[in-house]
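Below is one structure; the comments refer to it alone.
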Amino acid sequence: MKGSSVADEARVTQQDVSAVARLTNLDLPDDRRDQLVTTLSAYLENMDRLRQIDIGDSEPPAITYENEAC
Amino acid sequence: MSEELCFATIEELSDRLARQELSSVELTEAVLTRIELHNDEMRAYITVTREVALEQARQAEREMRDGNRRGPLHGIPIALKDNVATAGIRTSCASMVDPDWLPDEDATVYTKLREAGAILLGKANLYEYAFSMNPAFPQPLNPWHTERSSAGSSSGSAVSVAAGMAHGSIGSDTGGSGRHPANVNGVVGFKGTYGLVSRSGVVPLSYSLDHVTVFNRQVVDAAIMLEAIAGHDSRDEYSAALPVADMRSRIGNDLRGMRIGRARGYTHENIDADVERVTNEAFEVLRGLGAEIEDVELPYVQNCVALQQSIMLPEAATVHYRNLRESPDKLGEAAIMRLDLGNSVPATAYIHAQQVRKLMRAAFRQLFETCDVIVGPGNAVRAGAAGEWTTELDGQTIDLRQVGPEYTGIYNLSGNPAIVIPAGFSSEGTPIGIQIAGRWWDEPTVLQVAHAFEQATEWHRQRPPLPVG
């Protein structure tokens, strides 16, 4: 996002951020909304790349975490 | 004499204490005096527990005089990161949310250290909730170069050891929070396998990524401390119910035939000439010790930033939801920004990331069939400017938060044990380390390689100039 305005490049809009604030029950003042537009846009680009990894249908997530000896 | 005591190793001091050539009171007073001289400027400690330390030291002295030595940590002064709960002792987490919190119970890691006879010097400075720099709690100085960063989040834990203001310390490491400060402050920083050390009572940042780290001046000391704090604890849901290995069992063994994978595949590889030089020299040392070295591609390494964001941020936002909702004015600006993002990560993204993490662990399992340990730089870049998230390198601006996950965060995601040890210096005089990672539960081999390298070099014997105070 360096060197360009949020409005030019952001994939997330102020309206999207307002919806997130409603859904998460958080009161976001304007400066935090502006910041979130930028950081969320950058995050979603990273996430797009992560989504390209094929995980199949049956891979359970690593939420419970038991390392085995190997 | 006093300075010699402050920079001595646990191994040396333990021996002198056992033979009663030195008393724990004398040792503790020496370190407390150094802290009094330097802490106002170094800012390694948020709270110094002078009276607690002296009382514990007197008790240790009595017990040893009566022939009741508890082990190698008996009478040794240590520090705890100030997110480690200590009953009745201020635990601030470097935050204005509850800066004078007095926990009711000790964290398990402190209980174990007390049982081992260690002496608590105080609570070390950190990033706010181990997460973000907070101007209300200015960062410790890097004792090697006061205009360069001491990194984080366990900055005070690393600086206290580097500056001779503790003989060992405890930190936490969620994406490199232990190993980054070790790297730039010239000390050993070691996190064991996920589940080896209980996090109960360590204020969480990210449940599935948090580890406890030990900081020391040499590898044997790290092994001694890890032995003391490892082991199952039913108070930590993810603590493993497995026997703890003898951490020192392979220390002193040579490296002939050891298969070392040289970590490759980073997005930002070889971008800092000093880091590249130090790393290359380290591999020459390891090769000279008889190790066989081959390049290995770290699995999913270029996805680590997205993985870390997708897992750590929503977990942290869960931990701090109430703080963010009820007292955002008391949180630092940087913490708020990251917590807001954490609240915005979709649940499906979090689960997808945890699934990818499973694939990453399977890939590491395969990789460790071809090598015994993986070695690489501790980070892509040397210490940046103090107080900055970014660093300038050859005209390029590097955001350290976009680099760190590939170098250190990868082993939080995989859960493998990983140690950073001193390996050289930048042209600016700041330390640069290498990182050694091993198979799950194979801390002894990681320590073996780290110790062999350390003993073949002199980097761990260097002392910072400490120009302040």
Side-chain angles (χ1 to χ4, degrees), chain A, chain B residues 193-196 207-209 237-238 240 242 300 302-303 305-311 313 317 321 324-325 328 333 336-346 348-362 364-366 368-369 397 402 413-417 439-442:
Chain A
M1 307 309 294
K2 203 162 67 175
S4 59
S5 71
V6 166
D8 285 339
E9 287 190 21
R11 130 182 193 184
V12 177
T13 65
Q14 288 277 357
Q15 287 75 17
D16 296 330
V17 168
S18 297
V20 169
R22 271 199 308 279
L23 289 169
T24 55
N25 201 17
L26 288 170
D27 181 25
L28 292 187
D30 288 348
D31 57 335
R32 280 167 63 187
R33 283 173 199 251
D34 290 345
Q35 183 74 59
L36 191 51
V37 166
T38 305
T39 56
L40 194 52
S41 296
Y43 163 72
L44 290 175
E45 282 176 27
N46 283 336
M47 191 59 213
D48 284 346
R49 286 192 288 278
L50 204 60
R51 293 267 194 212
Q52 287 167 16
I53 297 171
D54 181 9
I55 50 174
D57 297 329
S58 59
E59 189 63 46
I63 293 171
T64 58
Y65 202 97
E66 289 175 14
N67 293 311
E68 59 197 66
C70 67
Chain B
T193 307
Y194 184 86
L196 178 74
Y207 309 109
S208 73
L209 294 167
E237 182 74 17
Y238 295 158
L242 292 172
Y300 299 95
Q302 298 198 2
N303 298 110
V305 172
L307 286 168
Q308 189 93 11
Q309 287 177 324
S310 302
I311 295 169
L313 295 180
Y321 180 79
L324 192 63
R325 191 166 150 68
E333 200 176 317
I336 287 176
M337 185 186 83
R338 300 178 85 191
L339 292 172
D340 279 342
L341 182 54
N343 273 306
S344 309
V345 171
T348 50
Y350 174 80
I351 291 173
H352 183 91
Q354 293 284 23
Q355 287 173 306
V356 173
R357 190 176 176 189
K358 199 88 178 279
L359 300 180
M360 172 194 269
R361 286 168 47 201
F364 264 112
R365 191 174 296 118
Q366 276 197 321
F368 275 115
E369 287 173 8
T397 302
Q402 301 294 314
L413 290 159
S414 72
N416 294 89
R439 300 181 180 102
W440 296 302
W441 312 111
D442 194 13

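By convention in this document, chain letters (A, B, ...) are assigned in the order of the sequence lines, proteins followed by strands, and residues within each chain are numbered from 1.
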Next on the checklist: Given heavy-atom pairs under 4.5 angstrom as the criterion, report whether the side chain, backbone, both or neither of A:Leu23 touches chain B.
Outcome noted: neither

Next on the checklist: Counting only non-hydrogen atoms closer than 4.5 Å, does B:Tyr300 touch chain A with its backbone (N, CA, C, O), its side chain (CB onward), both, or neither?
Outcome noted: side chain

Checklist entry - So which part of B:Ala353 gets closer than 4.5 Å to some heavy atom of chain A, the side chain, the backbone, both or neither? => result both

Item to check | Neighbour count >12 (heavy atoms, 6.0 Å) for atom CD, B:Gln302 | outcome: yes

Checklist entry - Using non-hydrogen atoms only, which part of A:Asn25 is less than 4.5 Å away from chain B: side chain, backbone, both, or neither? => result both

Checklist outcome for this item: Okay, A:Ile55 and chain B: the region with an atom under 4.5 Å from a heavy atom over there is both

Item to check | Most contacts with chain B, counted as non-hydrogen pairs under 4.5 angstrom, among A:Thr24, A:Asp31, A:Asp54 | outcome: A:Thr24

Next on the checklist: Using a 4.5 angstrom heavy-atom cutoff, name the option from A:Leu28, A:Val20, A:Leu36, A:Asp16 with the most pairs to chain B.
Outcome noted: A:Leu36

Item to check | Rounded distance (nearest 0.5 Å) linking atom NE2 of B:His352 with atom CE of A:Met47 | outcome: 5.0 Å

Next on the checklist: Which atoms of B:Gln366 are under 4.5 Å from chain A, going by heavy atoms: the side chain, the backbone, both sets, or neither?
Outcome noted: neither

Item to check | Proximal component of B:Leu341, with respect to chain A [non-hydrogen, under 4.5 Å] | outcome: both

Next on the checklist: Taking side chain as everything from C-beta outward and backbone as N, CA, C, O, which of these in B:Ile311 sits under 4.5 Å from a heavy atom of chain A? Side chain, backbone, both or neither.
Outcome noted: neither

Checklist entry - So which of A:Asp27, A:Leu50, A:Val17 has the largest heavy-atom pair count under 4.5 angstrom toward chain B? => result A:Leu50

Next on the checklist: Before you tell me yes or no, could you show the steps for A:Tyr43 and B:Ser310 under side chain to side chain donor-acceptor pair (under 3.5 Å), namely the whole-Å CA-CA distance, both residues' side-chain angles and the distance that decides it to 0.1 Å?
Outcome noted: CA-CA 9 Å; A:Tyr43 163 72; B:Ser310 302; 2.9 Å; yes

Item to check | Part of B:Ala349 lying under 4.5 Å from any heavy atom of chain A | outcome: both

